[in-house]
Amino acid sequence: MARRLTPAMQQFMDIKKEHPDCILFFRMGDFYETFFEDARVASKELEITLTKRGRTPADKDIPLAGIPYHALDSYLYKLTRKGYKVAIVEQLEDPKFAKGVVKRGLIRIVTPGTVLESKELDTRKNNFVMAIAPLGQEEPGAGGIEKRRAGTGDTRTELTGAESYGIAFSDISTGEFLTTSVEGIDALLDCIRKYNPCEIILPESLREFPAFMERARDISAYFFDYPAQKFSFEHAYQALLSHFNTDSLSAFFIDDNKAAVMSSGALLSYLKETQKTQLSYINTIRLVAEQEHMVLDATTLRNLEIFANLHDSSSKGTLFSVVNHTTTAMGARLLSQWLMSPLLDLAGIQQRQDAVQALSDDVLLQKDLAAELRHIHDIQRLISKIAYGSANARDVVSLRSSLARIPALKKHLSQKLTNQKQSSSAPTSPSLSLSSSS
DNA sequence: GCTTCCCTCCCAAAGC
DNA sequence: GCTTTGGGGGGGAAGC
């Protein structure tokens, strides 16, 4: 009689069956262990030893590769950067009180665009996961849309059959969630190149158009299919209402933007499915309003060498590298966003210029602010780690010490504002505002 | 039925 | 200062 899988191996196989597209990191004591084909892949990609433990019902060795739990971060980062999804399976009860094998369950799926933990994540850049929702798309394969549209001059729809595209993107390490919609494939590809996401989810129907994937070949993000039903307007709209606990989306200015709703709802569903949390700190959607910001497409960004130079695509000699004297990671990311989308609103531009002028005129204030900011860690990412339950004691201490610096910062800025008000002798001198836009 | 041994990687401690 | 060793903790196979 053939032997059966041991209870622990059966546990592994049951969870694997639910998530065949993921590498399962199965917690066994102080190790995360992978078995079968996952072990072969992990061994090859992570350069760790492939060994064996136990036998299959067919009396073959079961491949095993594993890592100690405290080294999870760096291995997770390595696998996701190579485009793998990793399902983390934890022990859900105290082994001391377990009858038989310890209960285990999936606690999170880490994907290229949702990796939080690694120290190797560039703090100066956002790590975006993006969802694309085609609107007005005809069924693919029904006679060949590309053939039918060929020669008609309709460049908007000839590649995918869609009239417009909803685009939503989020950096879950900072809690930012943005959306927009664009007309035509060129604008879509520009938007992807501009925000440079690590991961893009899209309905299968879009991937069925080879011409689209061909045009997107230079994009370095990993593309994953996601069920078309999640992109449907009804499903997406309900997902958003339910998450934000509201009756309408008018507060986010997307109520009448069908494509943006579809992409945002799908992205939120995807994040909830993979992160297994309520994502309570994603508490707003920011509509990227192109009429308020100058549109710098990917070609312009590249030719102006804003973030990457033309020579070797590194940051050496770029505008960002020259002007970036920020002290905190949050400041670097904000500056990066400002350079990517310069303001068009005159009042807003003048407000920023006044703030810069006011600071450059006051060397003492500069020094005081810098002295405080130097002790402020990446509060956005620390809060996200706490919300996900992946923060350690050091993270909590870092957050405490960072928050402790805020009163002093506010005091320095308040004093500056008070001094400005009192100096009525120079009414046209630049002023510092505490508004969020500056 | 009980005990011992095995097994990934990492790091501290021991030994040289 | 460098190299070697063993513990960390689960689960299961093997030995007694």
Side-chain angles (χ1 to χ4, degrees), chain A residues 1-112 114-123 173 274 276 377 381-382 385 388-398:
Chain A
M1 200 175 100
R3 72 170 86 194
R4 300 174 65 172
L5 279 176
T6 62
M9 276 304 97
Q10 193 58 55
Q11 230 178 19
F12 179 91
M13 294 304 281
D14 289 344
I15 301 173
K16 180 70 188 176
K17 206 186 286 174
E18 300 280 312
H19 304 280
D21 57 334
C22 299
I23 291 178
L24 233 64
F25 270 28
F26 195 74
R27 183 73 181 262
M28 295 268 261
D30 273 3
F31 287 81
Y32 287 101
E33 305 187 335
T34 62
F35 301 95
F36 300 100
E37 190 52 31
D38 285 357
R40 291 196 182 95
V41 173
S43 162
K44 180 168 163 269
E45 300 291 1
L46 299 174
E47 297 176 65
I48 56 176
T49 304
L50 180 66
T51 178
K52 58 185 194 280
R53 184 190 295 154
R55 316 275 296 169
T56 67
D59 204 31
K60 288 189 173 156
D61 288 333
I62 296 175
L64 155 72
I67 55 155
Y69 75 97
H70 53 78
L72 177 67
D73 291 5
S74 62
Y75 287 111
L76 264 186
Y77 185 78
K78 274 187 200 166
L79 279 178
T80 54
R81 285 302 105 158
K82 287 169 184 262
Y84 292 97
K85 294 182 182 178
V86 183
I88 312 285
V89 177
E90 284 290 351
Q91 295 175 183
L92 300 180
E93 60 181 344
D94 189 333
K96 287 191 192 81
F97 306 111
K99 287 179 184 161
V101 291
V102 173
K103 273 200 195 93
R104 292 182 172 83
L106 179 81
I107 60 149
R108 200 177 142 210
I109 297 172
V110 183
T111 68
T114 61
V115 63
L116 277 176
E117 289 85 355
S118 182
K119 291 189 256 322
E120 290 161 75
L121 264 186
D122 190 341
T123 56
S173 71
T274 52
K276 307 279 179 198
H377 299 86
R381 287 191 170 164
L382 287 171
K385 284 181 84 175
Y388 280 102
S390 62
N392 56 33
R394 197 178 299 141
D395 293 329
V396 180
V397 171
S398 295

Query raised in the report: Whole-Å distance between dG11(C) P and Leu5(A) CG?
Result: 16 Å
Query raised in the report: Name the stems with DNA chain B in them: runs of three or more consecutive Watson-Crick or G-U pairs, distances under 3.5 Å?
Result: B:1-7 with C:10-16, B:9-16 with C:1-8
Query - Partner set under salt bridge (charged side-chain N to carboxylate O under 4.0 Å, His left out) for Glu37(A), not counting sequence neighbours - result: Arg40(A)
Report task. May I have the distance from Phe36(A) (atom CZ) to dT8(B) (atom C1'), rounded to whole angstrom? Result -> 16 Å
Report summary line: Residues Met28(A) and Arg104(A): closest non-hydrogen pair is SD-NH2, 3.5 Å
Query - Which residues share a salt bridge (charged side-chain N to carboxylate O under 4.0 Å, His left out) with Lys276(A), sequence neighbours left out - result: none
Query - Side-chain (Arg81(A)) to main-chain (Pro112(A)) donor-acceptor, under 3.5 angstrom - result: yes
Query raised in the report: Can you name the salt bridge (charged side-chain N to carboxylate O under 4.0 Å, His left out) partners of Arg108(A), sequence neighbours left out?
Result: Glu117(A)
Report summary line: Quick note, ring-ring contact (aromatic ring centres under 6.0 Å, His included) partners involving residues 63-110 of chain A, not counting sequence neighbours, are none
Requested in this report: To the nearest Å, give me how far apart CG (Asp30(A)) and P (dG8(C)) are.
Outcome: 9 Å
Query raised in the report: Below 4.0 angstrom from OP1 or OP2 of dG11(C), is there any side-chain N or O of Arg27(A)?
Result: no
Requested in this report: Sequence neighbours left out, what passes salt bridge (charged side-chain N to carboxylate O under 4.0 Å, His left out) with Asp94(A)? Give chain and number order.
Outcome: none
Report task. Could you check how far CD1 of Ile48(A) sits from P of dT8(B), rounded to whole Å? Result -> 11 Å
Query raised in the report: In residues 7-25 of chain A, which residues come under 4.0 Å of DNA chain C by heavy atom?
Result: Pro7(A), Ala8(A)
Query raised in the report: Can you list, by residue number, the residues of residues 86-102 of chain A that have a non-hydrogen atom closer than 4.0 angstrom to DNA chain C?
Result: Gln91(A), Pro95(A), Val101(A), Val102(A)
Report summary line: From the list Arg27(A), Lys52(A), Arg53(A), salt bridge (Lys or Arg N to Asp or Glu O under 4.0 Å) partner of Glu33(A) resolves to Arg53(A)
**Report entry** Contacts of type ring pair (Phe, Tyr, Trp, His ring centres under 6.0 Å), residue Phe12(A), not counting sequence neighbours
**Finding:** Phe26(A), Phe35(A)
Short heteroatom pairs, N/O only, protein and nucleotides 1-7 of chain B, under 3.5 Å:
unit_1 : atom_1 : unit_2   : atom_2 : d
dC7(B) : O2     : Arg53(A) : NH2    : 2.2

Query raised in the report: In whole Å, what is the span from the CG atom of Asp59(A) to the P atom of dA13(C)?
Result: 11 Å
Report task. Specify the separation, in whole Å, of atom CZ of Phe26(A) and atom P of dG11(C). Result -> 8 Å
Report summary line: Here the pair of heavy atoms bringing Asp38(A) nearest to Cys22(A) is OD2-O, 3.8 Å
N/O to N/O distances under 3.5 Å, protein versus nucleotides 10-13 of chain B:
unit_1  : atom_1 : unit_2   : atom_2 : d
dC10(B) : OP1    : Tyr75(A) : OH     : 2.5

Query raised in the report: When the distance from CZ of Phe31(A) to C1' of dG6(C) is rounded to whole Å, what number comes out?
Result: 12 Å
Query raised in the report: With sequence neighbours left out, what residues match Tyr32(A) under ring pair (Phe, Tyr, Trp, His ring centres under 6.0 Å)?
Result: none
Query raised in the report: How many Å lie between CZ on Arg104(A) and C1' on dG9(C), as a whole number?
Result: 10 Å
